[in-house]
Amino acid sequence: MMQPLLMRLHQQHPDAEIHVLAPAWSAPLLARMPEVTATLENPFAHGAFDWAGRKALGRRLASADFSVAYVLPNSWKSALVPFFAGIPQRIGYSGEARFILLNERMPKSTLPRLVDRYAALAGHFDDPTPNPRLTSTPAQQQAARAALGLSTDSAPIIFCPGAEYGPAKRWPIHHFAALAKQVTAPVWIIGSAKDEPVGAAIAQQSGSAARNLCGKTNLAQAIDLIASAKAVVTNDSGLMHVAAALDRPLVALYGSSSPGYTPPLAAHATILSLDLECSPCFKRECPLGHLHCLEHIAPEQVLAALPH
Ligand code: SF4
């Protein structure tokens, strides 16, 4: 969601270094963004305040002499590190009364897409916000397949059946399994260790038409496997955005969330969303107990949306 901001900044200041303060897990992703010079580990857990820790990190970063900081989260605490680092220009949206912490506060954005809100922090551009773009070389793709003992012969269809947010964003296991039986390409299932039981159930119900790789890849390998896929079938999840940023043909399945807010940012994406009266409800679990928004997206519809 934030890479287009980096693209804008690189366009404005091609010689500037861009360092990103981000959680350690995201370093492999940032390493695939050509605009990023370095990743600095943000050690604070989501929601943790840790005044002393933020102050110490800010003081450490002061020696790097950064000239501008862009603060993307809206929270007060997220603006502390650039403040303590003494970065002269600290830019972000107004929110949580960050009067001293930020010295260039932009009024709250009314843009519907999060990606446009972030990109707008770089100022106004006449052309549309660029789509994110991650890099993956053929050598990296071959290395990932070799490390996982996967065939290098054919381009698979990749399923991403996870969605950290909750079951109301997950297309049902039996639909994924039915789809796996109908596609002719090899099917690989990718996700985190938490998605392993879901991946295993899909593989089992598909009669081994799909191979479960959930929890077996690291993030860099997941990027490289997706980069060489024929197509990707995915819930509204982080891997959906990875597939979009790798410009793979993808079918994105939306349940309780809205494609209007966080759509896949890619030219070759098909969004399947039923737009029921109850959707989007943005709930983690279906409050009506039937999950019709996803149950009623048939495998045949997804099959028809895949490239032939
Ligand atoms: S209430 Fe509607 S949109 Fe929300 S999860 Fe249930 S079926 Fe889906």
| side chain to side chain donor-acceptor pair (under 3.5 Å) with E17: which residues, sequence neighbours excluded? | H19
| message | Has T137 got a side-chain atom pairing as donor or acceptor with Q140's backbone, closer than 3.5 angstrom? | response | yes
| Donor-acceptor under 3.5 Å (W171 side chain, I297 main chain) | yes
| Quick one: does L30's side chain get under 4.5 Å of M2's, heavy atoms only? | yes
| message | Can you tell me how far apart OH (Y165) and NZ (K283) are? Round to the nearest 0.5 Å. | response | 7.5 Å
Return a table of donor-acceptor pairs under 3.5 angstrom between the side chains of residues 268-282 and protein atoms on other chains or two or more places apart.
residue, atom, partner, partner atom, Å
H268, ND1, D247, OD1, 3.3
S279, OG, L276, N, 2.8
S279, OG, L276, O, 3.0

| said: Donor-acceptor pair, distance only, cut-off 3.5 Å: does the side chain of N103 make one with the backbone of P88? | reply: yes
| query | Of I202, V233, I157, which is the lone residue that meets side-chain contact (heavy atoms from CB on, under 4.5 Å) with L179? | reply | V233
| field | Crowding at CD, E164 (>12 non-hydrogen neighbours, <6.0 Å) | value | no
| query | Do you know the tightest heavy-atom contact between P186 and S154? | reply | CG-OG, 3.3 Å
| Within the side chain of Q12, is there an N or O that forms a donor-acceptor pair under 3.5 Å with the backbone of A122? | yes
| With sequence neighbours excluded, residues passing salt bridge (charged side-chain N to carboxylate O under 4.0 Å, His left out) with R8 | D127
| field | Heavy-atom check, side chain of H241 versus side chain of M1, under 4.5 Å | value | yes
| field | Non-neighbouring partners of R170 that pass side chain to side chain contact (heavy atoms under 4.5 Å, CB included), sequence neighbours left out | value | A163, P167, N235
| query | Do side-chain atoms of R54 reach the backbone of V81 as a donor and acceptor pair under 3.5 angstrom? | reply | no
| query | Measuring from R90:CZ to I87:CD1, what's the distance to the nearest 0.5 Å? | reply | 8.0 Å
| message | Is it the case that over 12 heavy atoms from other parts of the model lie below 6.0 angstrom from the CD atom of E104? | response | yes
| note | The reported gap from CG in L9 to CD1 in I18 (rounded to nearest 0.5 angstrom) is 5.0 Å
| field | Distance in Å, L80 CG paired with L57 CG, rounded so as to fall on 0.5 Å steps | value | 10.5 Å
List the atom pairs, with distances to 0.1 Å, where a side-chain N or O of residues 42-51 and a protein N or O form a donor-acceptor pair under 3.5 Å, not counting sequence neighbours.
residue, atom, partner, partner atom, Å
N42, OD1, F44, N, 3.1
D50, OD1, G53, N, 2.8

| request: Check whether any side-chain N or O of R248 sits under 3.5 Å from a backbone N or O of A231 as a donor-acceptor pair, and report yes or no. | output: no
| task | Check whether any side-chain N or O of Q141 sits under 3.5 Å from a backbone N or O of S136 as a donor-acceptor pair, and report yes or no. | result | yes
| Side chains of L6 and V20: closer than 4.5 Å at any heavy-atom pair? | yes
| said: Would you say E295 and H174 are linked by a side-chain donor-acceptor pair, where the criterion is simply a distance under 3.5 Å? | reply: yes
| message | Between V232 and L239, is there a side-chain heavy-atom distance shorter than 4.5 Å? | response | no
| said: Quick test of your reading: applying ring-ring contact (aromatic ring centres under 6.0 Å, His included), list the pairs with at least one residue in residues 109-138, sequence neighbours left out, ordered by first then second residue. | reply: none
| query | Do the side chains of L121 and Y93 get nearer than 4.5 Å, heavy atoms only? | reply | yes
| field | Sub-4.5 Å side-chain heavy-atom contact between P34 and V36 | value | no
| request: Can you see which heavy atom on G92 is nearest to which on L102, and at what distance? | output: CA-CD1, 3.8 Å
| query | What distance do L21 atom CG and L40 atom CG have between them, rounded to the nearest 0.5 Å? | reply | 6.0 Å
| Does some side-chain heavy atom of L294 sit less than 4.5 Å from a side-chain heavy atom of P172? | yes
| query | Closest heavy-atom contact between S75 and S78? | reply | O-OG, 2.7 Å
| Any sub-3.5 Å donor-acceptor pair from S94's side-chain atoms to M106's backbone N or O? | yes
| Check: N218 main-chain N/O paired with Q221 side-chain donor or acceptor under 3.5 Å | yes
| said: Do S228 and R145 make a side-chain contact, defined as non-hydrogen atoms from C-beta onward lying under 4.5 Å apart? | reply: yes
| Counting N and O atoms only, with roles assigned by atom type, does the side chain of R211 sit under 3.5 Å from a partner on the main chain of W188, one being a donor and the other an acceptor? | no
